[in-house]
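Accompanying notes for the structure given below.
Throughout, a chain's letter reflects where its sequence line sits, starting with A, and its residues are numbered from 1.
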2 protein chains.
Amino acid sequence: MQMAVRKVTMADIAKLAEVSVTTVSHVLNETRFVADEPRRRVLAAVAETGYTPNSVARSIATSTTETIGLALPAMSKPAFTDLLVHIEAEVRSTRYSLLLIDTEDDPARELRVVQELHARRVDGVLIAPSKRRAPAMKFLAERGIPTVVIDRFVSKKFDQVGVENTESTATLVDHLVEVGHRRIAMISGFPGLSTTSERVSGFEKGLERHGLAADPQLMISGHGDEQHANDAVHRLLALPGPPTALITGNNLMTIGAMRALTELDLEVPRDVALAGFDDFPWADLFRPRLTTVAQPSSEIGQTAVQLLVQRIADPERPPRTLRLASRFMHRESCGCR
Amino acid sequence: MQMAVRKVTMADIAKLAEVSVTTVSHVLNETRFVADEPRRRVLAAVAETGYTPNSVARSIATSTTETIGLALPAMSKPAFTDLLVHIEAEVRSTRYSLLLIDTEDDPARELRVVQELHARRVDGVLIAPSKRRAPAMKFLAERGIPTVVIDRFVSKKFDQVGVENTESTATLVDHLVEVGHRRIAMISGFPGLSTTSERVSGFEKGLERHGLAADPQLMISGHGDEQHANDAVHRLLALPGPPTALITGNNLMTIGAMRALTELDLEVPRDVALAGFDDFPWADLFRPRLTTVAQPSSEIGQTAVQLLVQRIADPERPPRTLRLASRFMHRESCGCR
DNA sequence: CTGTTAGCGCGTTCAA
DNA sequence: TTGAACGCGCTAACAG
């Protein structure tokens with residue numbers, strides 16, 4: 001073992017081992033039989049020089065990078081951070097590496113991100129699209145780039161995987177109604193996203209099956225972020241007939257709602273009940289402990305990666321759309337005992 | 001705009017635009033003047049074919065990938081997830097992309113990760129090393145691969161950036177002593193890490209400047225994870241002279257301690273005070289609200305990326321070790337009013 | 001102002 | 001059982 005020389009290449013190894021580059025390539029990749037003697041010399045030369053194969057050169061020769069591109073909107077949002085962690089874990093179990101870029105949920109930027117990913121010739125793309133007909137998705141479809149859509153469903157032409165939203169949200173309504181609530185408000189996410197519309201549908205569906213009408217005044221957009229949700233709660237509770245229970249469309253909005261309620265000197269669940277989409281780590285240390293619907297982030301991440309690997313292997317495979325079951329986390333903010 | 005053809009290359013564009021590949025390259029990279037007419041034809045050809053430059057080929061020609069490799073241990077740990085998010089944000093503002101791999105805090109795996117990163121010829125590496133003299137660090141040093149160490153300091157020969165640990169922890173002790181505590185316990189992180197030893201030193205230093213002796217019985221390893229911390233608290237409180245206050249070495253251990261205390265039917269801060277390293281998002285929704293020392297994750301991430309970019313630009317630059325100031329988050333688990 | 005051509009480091013026929 | 005030589009797509013002298 002010695003200080004690595006400037007730049008060791010396969011040719012150097014070949015010379016040192018007194019064989020051809022072909023042989024070096026074959027022993028390194030175990031891609032055809034090589035007799036013991038030359039093979040040993042190659043390995044020795046590799047060890048001696050500290051040679052590390054150049055996979056960039058390999059990529060250009062094989063036109064495959066063994067890389068998966070992950071395009072997420074707002075990695076800092078807990079649900080996506082969570083997804084990211086599980087995706088990375090699953091990718092790690094394959095032969096692929098992960099190239100990570102945040103799209104900032106901006107369609108124009110998202111297109112640039114996807115173009116960059118393609119320029120880098122990733123073998124496949126994992127993406128949570130900004131909107132249904134985003135230019136980025138058109139780009140991916142046109143080039144036939146292996147793609148799996150996560151979290152936000154946009155088209156059955158892609159493989160897609162995310163949480164089941166409708167029934168999950170309806171479950172929250174069921175529960176609140178059973179506890180006695182009749183005026184339930186929904187603070188929904190960013191308009192136009194499938195997650196938002198599906199959760200809103202679930203809200204309506206839930207009310208409907210209890211014979212309750214959805215009061216438009218009680219359905220308000222929280223734009224998926226904390227501040228808007230905070231504002232929404234203030235408006236909701238200033239209504240002539242304020243809601244007695246709140247459902248929030250994601251965890252950031254749940255936080256916003258909690259803080260708004262505190263500002264209004266209202267106690268959960270005594271004054272207002274609360275239940276939200278997305279769970280929290282250490283939810284048991286919150287006061288009150290929040291009743292939520294938890295996404296199966298781990299399964300979503302695993303499934304997404306597996307679907308992508310399969311699609312890369314077989315581009316003709318019929319696409320699948322998977323809606324994974326959520327888990328109802330019954331705690332105390334819903335007000336039952 | 002049409003369906004993209006099988007594989008468009010620069011040669012195709014050249015032919016279509018009736019210029020040489022050189023000219024195509026130059027208009028695309030804006031690397032030398034090209035007259036209006038040919039330039040327009042090139043751009044038209046690019047638009048017509050939907051050509052996307054192959055940066056793998058570019059990399060192999062320029063021997064630079066414009067990629068930064070990020071090697072983190074346990075991405076799922078909150079402090080690292082946090083760092084990751086901020087690092088990605090900063091990388092996004094440069095011309096680099098981010099290749100992400102988890103080392104699982106295992107030295108052997110870490111070496112493989114670093115080798116893989118080098119095989120992919122990343123221009124630089126950001127790493128939170130598993131231990132001081134890890135083989136991976138030797139590998140990086142030997143090849144002269146531009147490297148910035150984050151969070152865990154290992155050697156002044158590298159650029160390094162992380163939070164200031166010693167004084168930060170001492171501050172926690174100061175505070176607890178001022179509130180009247182004399183028997184303070186420290187639940188420390190994984191042995192051998194600089195973060196752990198520095199925080200332990202800070203603990204001792206804090207006691208010392210109040211004329212208090214460090215009782216070995218009250219210094220116990222929580223191995224950086226929740227379960228060990230939980231066990232530690234149980235043992236601590238079973239002592240003949242149990243501590244009246246606890247300091248935890250990171251947020252996971254703080255959670256473990258909180259749960260252990262709940263199991264013991266002890267209330268914070270009435271029965272036992274608690275203060276920990278690492279802050280939590282939405283700490284205001286915890287009960288009790290935790291007094292902590294917050295890492296400047298955003299600054300650490302930004303600084304790390306900036307240091308790395310500078311080192312890539314100038315490998316001869318003298319290395320710098322930066323310890324960034326923490327923020328004391330005074331809330332209520334410390335028991336003062 | 002633009003083109004010819006030689007690499008970059010590796011995989012892979014094709015031949016021997 | 002092994003090697004020579006070409007090609008992957010692009011950049012960069014060098015030449016004109």
Side-chain angles (χ1 to χ4, degrees), chain A residues 4-43 45-46 49-67 95 116 118-123 143, chain B residues 4-43 45-46 49-67 95 116 118-123 143:
Chain A
V5 187
R6 205 72 201 102
K7 286 209 169 189
V8 189
T9 112
M10 242 174 61
D12 299 325
I13 303 298
K15 195 168 304 169
L16 234 170
E18 298 180 301
V19 295
S20 71
V21 290
T22 308
T23 295
V24 177
S25 173
H26 284 305
V27 352
L28 259 29
N29 299 323
E30 303 189 311
T31 175
R32 90 177 175 194
F33 183 88
V34 175
D36 263 5
E37 191 38 37
R39 128 178 260 104
R40 259 221 312 275
R41 292 204 307 270
V42 168
L43 265 14
V46 168
T49 58
Y51 168 70
T52 308
N54 183 333
S55 42
V56 176
R58 180 173 218 279
S59 287
I60 213 266
T62 60
S63 48
T64 162
T65 54
E66 315 244 301
T67 303
R95 65 182 193 287
E116 173 68 20
H118 178 54
R120 287 170 178 269
R121 295 300 186 270
V122 296
D123 294 337
R143 323 262 150 158
Chain B
V5 187
R6 205 71 199 103
K7 285 210 171 188
V8 189
T9 112
M10 241 175 63
D12 299 325
I13 303 297
K15 196 169 303 169
L16 233 170
E18 299 180 301
V19 295
S20 71
V21 290
T22 307
T23 296
V24 176
S25 173
H26 284 305
V27 351
L28 260 30
N29 299 323
E30 303 188 312
T31 176
R32 90 176 175 193
F33 185 89
V34 175
D36 264 5
E37 192 36 37
R39 128 177 259 106
R40 259 221 311 275
R41 292 204 308 270
V42 168
L43 263 15
V46 168
T49 57
Y51 169 70
T52 307
N54 183 331
S55 42
V56 177
R58 178 173 218 280
S59 287
I60 212 265
T62 61
S63 50
T64 161
T65 54
E66 314 245 302
T67 303
R95 64 182 195 287
E116 173 68 21
H118 177 55
R120 287 170 178 270
R121 295 301 187 268
V122 296
D123 294 337
R143 322 263 152 158

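Each of B:Glu18 and B:Arg121 has a nearest nucleotide on DNA chain C; the 5'-most of these lies closest to B:Glu18.
Here C:dA6 presents its P atom at 17 Å from CD1 of B:Ile60, a figure rounded to the nearest Å. Note: CD (B:Glu30) to C1' (D:dT11) measures 16 Å, nearest angstrom. Atom P of nucleotide D:dT1 and atom CZ of A:Arg41 are separated by 15 Å, given to the nearest angstrom. B:Arg120 has its CZ atom 15 Å from the C1' atom of C:dC10, to the nearest Å. Between the CD atom of A:Glu66 and the P atom of C:dC10 there is a distance of 16 Å, given to the nearest Å. As a whole-Å value, the separation of B:Asp12 CG from D:dG9 C1' is 10 Å. Between the P atom of D:dT1 and the CD atom of A:Glu37 lies a distance of 14 Å, rounded to the nearest Å. Atom P of nucleotide D:dC10 and atom CD1 of B:Ile13 are separated by 9 Å, given to the nearest angstrom.
At a threshold of 4.0 angstrom between heavy atoms, the contacts of A:Met10 are confined to the sugar-phosphate backbone, with no base atom among them. Nucleic acid contact class of B:Val56 (heavy atoms, under 4.0 Å, all strands): none. No contact: B:Val24 has no heavy atom under 4.0 Å from any strand.
With sequence neighbours excluded, the residues that form a side chain to side chain donor-acceptor pair (under 3.5 Å) with B:Thr67 are A:Arg120. B:His26 meets the ring-ring contact (aromatic ring centres under 6.0 Å, His included) test with no other residue; sequence neighbours excluded. In this structure B:Thr64 satisfies the side chain to side chain donor-acceptor pair (under 3.5 Å) test together with B:Asp123, sequence neighbours excluded. Remark: B:Arg121 pairs with no residue by the salt bridge (Lys or Arg N to Asp or Glu O under 4.0 Å) rule, at least two apart or across chains. With sequence neighbours excluded, no residue forms a salt bridge (Lys or Arg N to Asp or Glu O under 4.0 Å) with A:Glu30. Taking B:Arg32 as the reference, nothing meets the salt bridge (Lys or Arg N to Asp or Glu O under 4.0 Å) condition, with sequence neighbours excluded. In this structure A:Thr52 satisfies the side chain to side chain donor-acceptor pair (under 3.5 Å) test together with B:Arg143, sequence neighbours excluded.
Among the nucleotides D:dG3, C:dC10, C:dG9, the one closest to the side chain of A:Lys7 is C:dG9. In this structure, of C:dT2, D:dC10, C:dG9, it is C:dG9 that holds the atom nearest to the side chain of A:Thr9. Closest approach to the B:Tyr51 side chain among D:dT1, D:dC10, D:dC8 is made by D:dC10 (side chain taken as heavy atoms from C-beta onward). Side chain of A:Arg58, nearest nucleotide from C:dG11, D:dT2, C:dT2: C:dG11. Comparing C:dC10, D:dC10, C:dC1 by their closest approach to the side chain of A:Ala57 singles out C:dC10.
Over its length, the helix from C:dC1-D:dG16 to C:dA16-D:dT1 turns its helix axis by 40°, as judged from the five terminal pairs at each end, rounded to 10°.
Atoms CZ and OG1, on A:Arg41 and A:Thr23 in that order, are 9.0 Å from each other to the nearest 0.5 Å.
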Between protein and nucleic acid, restricted to nucleotides 12-16 of chain C and to nitrogen or oxygen atoms under 3.5 Å apart, what atom pairs and distances do you find?
from, atom 1, to, atom 2, distance (Å)
C:dT12, O4, A:Thr22, OG1, 3.3

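In summary, of the residues considered (A:Val27, A:Val24, A:Val34), a side-chain contact (heavy atoms from CB on, under 4.5 Å) with A:Val19 occurs for A:Val24 alone.
Put simply, the side chain of B:Asn54 does not reach to within 4.5 Å of the side chain of B:Thr9, judged on heavy atoms.
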